[in-house]
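Below is one structure, written out as structure tokens, with a few remarks after it.
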Amino acid sequence: MYRVSRHRSNAVPQKNPMQPVTPSTVMIDRSRLLDRFLRYVRVETTADPSSNLYPSSPGQRELGQMLRDELAAISILDAELDENALVWGTVPATDGSVSAGSPSPTVAMVAHMDTSPEAPGKDVNPQVIDAYAGGDIPLPSGGLISVAKSESLSDLVGKTLITTDGRTLLGGDDKAGIAIIMEVAQTLIENPHLVHGPVRILFTCDEEIGRGTDKIDLRKLDATVAYTLDGGGAGVIDVETFSADGATVRFVGHNIHPSIGKGRMVNALRAAADFVSALPRTTCTPETTEDREGFIHPHTIHGGVGEASVDLILRSFESEDLADYARLIETTANQVAADTPGIEAHVSIRQQYRNLREGLDDLPESVSLAEAAFEQLGRQPTRMIIRGGTDGSQLTEKGLPTPNLSSGQHNIHAVTEFACLDEMVEAAQHVIKMLELWSQQRA
Ligand SMILES: [Zn+2]
């Protein structure tokens with residue numbers, strides 16, 4: 001996922017003192033979960049932003065084939081790898097989830113198979129550290145996962161960690177989510193006493209390059225609610241993302257040989273530079289904002305004398321702010337054009353995604369049942385906001401409420417990435433408890 005950082009929201013609910021806290025009763029097969037994870041991370045699935053193909057890299061289909069076969073092997077009858085390399089399957093509802101002829105809602109569990117192009121993903125060579133003793137973790141090919149740069153490490157003493165050998169990313173983002181969902185599916189099938197409604201499984205491609213939901217048919221998914229297992233650490237429910245628009249400002253000038261440019265050349269590059277200089281600099285930028293503050297971010301400039309374009313992204317937790325940002329961009333571009341005779345400015349704005357919250361408000365159980373499941377397992381959940389987007393932002397906007405849940409990932413998109421097996425086990429237990437709570441709802 002393209003999260004930048006995450007922050008606690010103010011909306012952490014109080015624990016209900018009447019809520020009975022019961023210990024987890026579901027045994028998760030740790031070594032089987034670990035084996036799965038190690039198997040999946042070894043498949044190179046780096047997304048390729050320069051590709052026009054879907055999926056953008058062949059390894060995603062290879063992993064999809066492996067997952068489809070594994071689903072079929074645990075008797076998921078409708079396990080399917082579709083023409084776009086998305087993996088689908090259903091764990092049918094248990095009998096106990098249907099009362100008085102009214103079925104339980106269908107819950108979809110979603111994770112992405114691709115990994116970030118920001119770090120190498122070929123020949124991943126995972127290292128398992130049993131009972132992490134604390135301190136910095138040296139990696140076999142040099143490099144170090146340092147406590148100073150990885151705050152979460154100090155909470156993980158005694159746990160089982162999986163790191164890289166220092167040359168590649170690990171791919172816990174999001175193969176931790178995939179391994180958890182696969183283990184949940186097999187655990188449910190092996191334990192028919194665990195009550196649940198229909199569980200739809202969906203593994204997607206090319207999330208890291210913004211194409212994760214392009215090929216998802218929501219009618220085919222046919223779910224009331226979905227959860228992405230694509231969050232860091234443990235115990236977190238991501239309930240808000242940015243709302244996001246993209247903008248391009250194109251300046252058109254007039255190019256002519258510089259030797260005869262006097263009075264005739266109109267330099268679009270200068271206009272583009274003036275435009276970037278005139279944008280807010282001490283507020284409303286990624287460099288100066290945090291938490292709930294939004295920003296305007298010019299990130300690419302390209303072109304030359306005849307024509308030059310600036311690409312920007314606009315981000316805010318309040319969708320209404322984006323219109324203000326767009327107006328500011330338009331006013332600034334027009335002012336630059338007015339100040340530079342002969343320059344034309346063209347502004348285009350395109351919607352990218354919207355804050356999760358807007359859709360989750362329509363189905364509050366999407367969050368409250370996830371919280372209740374944590375509480376019934378004796379864990380205190382944390383609601384967080386993401387200064388970025390998730391596949392869930394897009395699914396929610398299309399009408400399927402989709403919060404994001406922790407899956408034991410850490411230091412994603414880097415060669416210092418690692419995952420925590422104990423947190424993955426906890427995530428699997430949480431999902432199973434949450435599915436039980438959903439089975440008590442009526443569709
Ligand atoms: Zn991810």
Side-chain angles (χ1 to χ4, degrees), residues 6-34 37 94 96-97 104 107 109 130-132 134 151-161 172 176-177 179-181 183-188 190-197 199 225 227-239 360 364-385 403-410 419-441:
R6 1 175 51 194
H7 298 274
R8 272 162 208 275
S9 81
N10 299 325
V12 179
Q14 294 303 304
K15 209 167 171 179
N16 178 358
M18 303 304 287
Q19 189 82 55
V21 174
T22 52
S24 162
T25 51
V26 182
M27 284 301 292
I28 300 296
D29 188 331
R30 279 175 67 91
S31 65
R32 190 172 67 188
L33 175 56
L34 176 61
F37 181 66
T94 51
S97 79
S104 305
V107 179
M109 304 304 306
D130 281 317
Y132 165 59
E151 289 173 9
S152 55
L153 267 184
S154 51
D155 298 330
L156 300 175
V157 174
K159 315 266 187 202
T160 299
L161 306 184
I180 292 162
I181 294 170
E183 192 56 38
V184 164
Q186 186 160 359
T187 303
L188 292 178
E190 289 173 346
N191 295 274
H193 67 281
L194 298 172
V195 179
H196 58 86
V199 182
V225 64
Y227 294 90
T228 47
L229 265 284
D230 195 16
V236 173
I237 310 169
D238 291 317
V239 295
L360 299 187
E365 295 86 353
S366 60
V367 176
S368 64
L369 292 183
E371 279 178 341
F374 278 124
E375 286 165 3
Q376 291 192 19
L377 292 169
R379 303 175 196 155
Q380 181 61 53
T382 309
R383 290 187 184 201
M384 282 194 175
I385 63 174
N404 184 43
L405 301 173
S406 287
S407 64
Q409 312 171 12
H410 296 270
C420 174
L421 180 62
D422 302 74
E423 290 178 338
M424 290 165 65
V425 169
E426 284 182 24
Q429 291 167 330
H430 173 251
V431 169
I432 289 169
K433 175 56 76 178
M434 189 176 69
L435 292 170
E436 180 194 323
L437 298 183
W438 270 107
S439 79
Q440 295 157 5
Q441 307 284 311

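Both backbone and side-chain heavy atoms feed into the values below; hydrogens, waters and symmetry mates do not. Here, residue 1 is the first one in the sequence, and each next residue gets the next number.
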(Q) Are there over 12 heavy-atom neighbours, none belonging to Glu151, within less than 6.0 Å of that residue's CD? (A) no

Is any side-chain heavy atom of [X] closer than 4.5 Å to a side-chain heavy atom of [Y]?
X      : Y      : value
Leu161 : Leu421 : no
Arg30  : Asp422 : yes
Thr228 : Leu405 : no
Val425 : Ile180 : no

Q. Salt-bridged, Glu183 to Arg32, with N to O below 4.0 Å?
A. yes

If every non-hydrogen atom of [X] is compared with every non-hydrogen atom of [Y], which pair is closest and at what distance?
X      : Y      : answer
Arg379 : Glu426 : NH1-O, 3.0 Å
Ser366 : Pro403 : O-CG, 3.6 Å
Glu423 : Leu156 : OE2-CD2, 3.4 Å
Gln376 : Leu437 : NE2-CD2, 3.7 Å
Asn404 : Asp230 : OD1-N, 3.1 Å
Ile237 : Pro381 : CD1-CB, 4.4 Å

Rounded distance [0.5 Å steps], [atom1] in [X] versus [atom2] in [Y]:
X      : Y      : atom1 : atom2 : answer
Leu194 : Ile432 : CG    : CD1   : 6.0 Å
Gln440 : Leu369 : CD    : CG    : 8.5 Å
Phe37  : Met424 : CZ    : CE    : 5.0 Å
Gln429 : Phe374 : CD    : CZ    : 11.0 Å
Leu229 : His430 : CG    : NE2   : 9.5 Å
His196 : Ser439 : NE2   : OG    : 8.5 Å

Would you check if the side chain of [X] reaches a backbone N or O of [Y] as a donor-acceptor pair within less than 3.5 Å?
X      : Y      : answer
Thr94  : Val195 : no
Ser406 : Gly232 : yes
Ser407 : Ala176 : no

Q | Steps toward side chain to side chain contact (heavy atoms under 4.5 Å, CB included) verdict (Val107, Tyr227) | A | CA-CA 8 Å; Val107 179; Tyr227 294 90; 3.9 Å; yes

(Q) If only side-chain N and O atoms count, and only distance matters, is there a donor-acceptor pair under 3.5 Å linking Ser152 with His410? (A) yes

Q: Please step through salt bridge (charged side-chain N to carboxylate O under 4.0 Å, His left out) for the pair Arg383 and Asp238, ending with a clear verdict.
A: CA-CA 6 Å; Arg383 290 187 184 201; Asp238 291 317; over 6 Å; no

